[in-house]
Amino acid sequence: MLIAGATVLTVAGAPRGARAQETPVIDERAVLIVVDVQNDFCPGGNLAVPRGDEVVPVINALAKRFSNIVLTQDWHPAGHSSFASSHPGKKPFETVEMPYGRQVLWPDHCIQGSKGAEFRADLDVSSAQAIIRKGYRREVDSYSGFVEADRKTPTGLTGYLRERGILRAVIVGLATDFCVSWTAQDASAAGFETYVVEDACRAIDLEGSLEKAWAEMAENDVTRIRVSDLPG
Ligand SMILES: [Zn+2]
């Protein structure tokens, strides 16, 4: 996968697409990326991921082991083009063709400034240094924390991590088969050694999307691990 506009896709000598080690070294060159742990993606929210809230205590514990933490936050204007309500006659979870490809339509969710867009109150990652908001352009969705769904507009996260000397990304959050998967594949494409901690994620699993996402992540050199695989 290419990121348009990027030139040299290496990070401090790491070859692009380098296969990750089986377990990540957690040091000052590792970042924990916490994807979309927001009220609307948890039970009771507008786009609840089944058992999405269960990731919170797992992520809280993991976060204590990382000195670098970045959060992503889905952050849509009202009337966003990814909402079924913006497409007359369409229902949530149907699809439409957008200029950038097929788009799943979602219930209205994570509207800027709303309670649903807030991070879970019990998410305890106050040491996080950056929040990357995404999906804020009305006409383009962004599952990935790195590149919008048009596959060419960067969020700035690649540059932020590179400038800080980050080499490896450990990714957790919601939902495994959409925002986590896209974020992980883009992290790998940008040259970061990339891991997804499967028991620190929960999935939507829409018509086989979870299995497909794991296969795509594997093809793109994303290493699937569990919390117990991480060094103590
Ligand atoms: Zn969204």
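Worth knowing before you read on, the calculation uses all heavy atoms, side chains too, and leaves out hydrogens, waters and symmetry mates. In listed order, ligands and their atoms are each counted from 1.
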Worksheet entry | Non-hydrogen side-chain atoms of Pro43 and Asp53 separated by less than 4.5 Å | yes
Discussion item. Is any side-chain heavy atom of Cys201 closer than 4.5 Å to one of Val196?
Written reply: yes
Discussion item. In the structure I gave you, are the side-chain heavy atoms of Arg168 and Thr194 within less than 4.5 Å of one another anywhere?
Written reply: no
Worksheet item: Hey, is the main chain of Ser209 close enough, under 3.5 Å, to the side chain of Asp177 for a donor-acceptor pair?
Response: no
Worksheet item: Going through the checks in order, is the ring-ring contact (aromatic ring centres under 6.0 Å, His included) test met by Phe41 and His109?
Response: CA-CA 8 Å; Phe41 294 128; His109 64 279; 5.6 Å; yes
Worksheet item: Can you say whether the rings of Phe146 and Phe192 are parallel (under 30°), tilted (30 to 60°) or perpendicular (over 60°)?
Response: tilted
Worksheet item: Which protein atoms of type N, O or S are found under 2.8 Å from the Zn ion (ligand 1)?
Response: Asp74 OD2, His76 NE2, His109 NE2
